[in-house]
Amino acid sequence: MNAPEPSPRPIEAPRNPARIPPRWFIRTAWVVHRALYRVTGGRVGLRHPSPTVYGMMRLHTVGRRSGSPRVAILGYFEDGPDLVTLAMNGWGDPPPAWWLNLQARPAASVDLPEGTRDVIAHEATGAQRERLWAVWRTLEGDADLDAYAALRSRQTPVVVLSPVPAAA
């Protein structure tokens with residue numbers, strides 16, 4: 001007597017394609033977030049990261065063409081002394097202005113819940129990028145990170161903000 005053949009593996013239902021909110025909604029959320037920070041004197045709007053949720057920081061750059069100060073509120077996580085963020089522009093295709101500013105002038109500063117820190121930016125590449133991208137996948141809300149990234153025509157830069165060493 002022959003053993004019965006194993007039943008075929010169930011076919012997984014295809015995941016819904018990544019869907020991002022309309023651009024007007026994303027931009028409105030950014031305006032509201034900045035306004036909450038400003039109105040509350042910074043008491044609302046920034047947060048520390050946890051092992052499962054990214055934190056929120058304010059990044060101060062200098063406009064690459066204007067030379068004027070620019071500020072953006074971004075998600076981040078800590079990788080040792082470094083802060084790691086994604087240059088994703090709300091998953092829109094063009095790179096965010098703050099990333100273009102950092103490429104022109106990598107020196108910047110960040111506001112964190114505990115204070116301000118001077119940083120130098122660089123783009124993670126190779127194994128470092130893969131390792132940091134994998135961390136983003138583990139954070140709440142970013143389970144579809146690869147699907148969202150696939151909506152863009154270019155690779156989403158992983159940006160590392162390293163602390164500036166204290167002057168001797």
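All values below were derived from every heavy atom in this structure, side-chain atoms included, with hydrogens, water molecules and symmetry-related copies excluded. This structure is a prediction, so every number in the text was calculated from the model and none was measured. We're numbering straight along the sequence, starting at 1.
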**Q** Could you state whether M56 and V158 fall into the same hydrophobic cluster, counting links through intermediate Ile, Leu, Val, Met, Phe, Trp or Tyr residues with side-chain heavy atoms under 4.5 angstrom apart?
**A** yes
**Q** Nearest 0.5 Å, please: how far is CE in M88 from CG in L145?
**A** 8.5 Å
**Q** Are Y54 and V135 co-members of a hydrophobic cluster defined by side-chain heavy atoms under 4.5 Å apart?
**A** yes
**Q** Does one hydrophobic cluster hold both Y148 and W136, with members joined at side-chain heavy-atom distances below 4.5 Å?
**A** yes
**Q** Ring pair (Phe, Tyr, Trp, His ring centres under 6.0 Å): which pairs involve residues 104-133, sequence neighbours left out?
**A**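 Every pair satisfying ring pair (Phe, Tyr, Trp, His ring centres under 6.0 Å) with a residue in residues 104-133: there are none.
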**Q** Any chain of hydrophobic side-chain contacts (each under 4.5 Å) joining L161 to L139?
**A**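 Not linked; separate clusters.
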**Q** List, one per line, each side-chain donor-acceptor pair under 3.5 Å for residues 68-87, sequence neighbours excluded.
**A**
residue: R70; atom: NH2; partner: S66; partner atom: OG; Å: 3.2
residue: D79; atom: OD1; partner: R131; partner atom: NH1; Å: 3.0
residue: D79; atom: OD2; partner: R131; partner atom: NH2; Å: 3.0
residue: D82; atom: OD1; partner: S162; partner atom: OG; Å: 3.0
residue: T85; atom: OG1; partner: G75; partner atom: O; Å: 2.7

**Q** Using residues 100-108 as the side-chain source, report each donor-acceptor pair under 3.5 Å to any protein atom, sequence neighbours left out, with the distance given to one decimal.
**A**
residue: N101; atom: OD1; partner: R64; partner atom: N; Å: 3.0
residue: N101; atom: OD1; partner: R64; partner atom: NH1; Å: 3.1
residue: N101; atom: ND2; partner: T61; partner atom: OG1; Å: 3.4
residue: N101; atom: ND2; partner: A97; partner atom: O; Å: 3.4

**Q** Should we say atom CZ of R154 is surrounded by more than 12 heavy atoms from elsewhere, each under 6.0 Å from it?
**A** yes
**Q** How would you list all residue pairs meeting salt bridge (charged side-chain N to carboxylate O under 4.0 Å, His left out) that involve residues 119-130, not counting sequence neighbours?
**A**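 Output for this query is empty, none listed.
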**Q** Quick one: side-chain hydrogen bond (donor to acceptor under 3.5 Å, both in side chains) partners of T116, sequence neighbours excluded?
**A**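 side-chain hydrogen bond (donor to acceptor under 3.5 Å, both in side chains) check on T116 returns D111.
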**Q** If I compare all heavy atoms of A121 with all of V159, which pair ends up nearest, and what's the gap?
**A** CB-CG1, 4.3 Å
**Q** What's the separation between atom OG1 in T156 and atom CG in D93, rounded to the nearest 0.5 Å?
**A** 9.0 Å
**Q** Without swapping roles, check the side chain of R117 against the backbone of V164 for a donor-acceptor pair under 3.5 Å.
**A** no
**Q** Quick check: is V160 connected to M57 through a chain of hydrophobic side chains (ILVMFWY, heavy atoms under 4.5 Å apart)?
**A**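 M57 does not cluster with V160.
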**Q** Can you tell me if R47 uses its side chain to pair, donor with acceptor, with the backbone of G55 under 3.5 Å?
**A** no
**Q** Through direct or indirect side-chain contacts below 4.5 angstrom among Ile, Leu, Val, Met, Phe, Trp and Tyr, which residues connect to V53?
**A** none
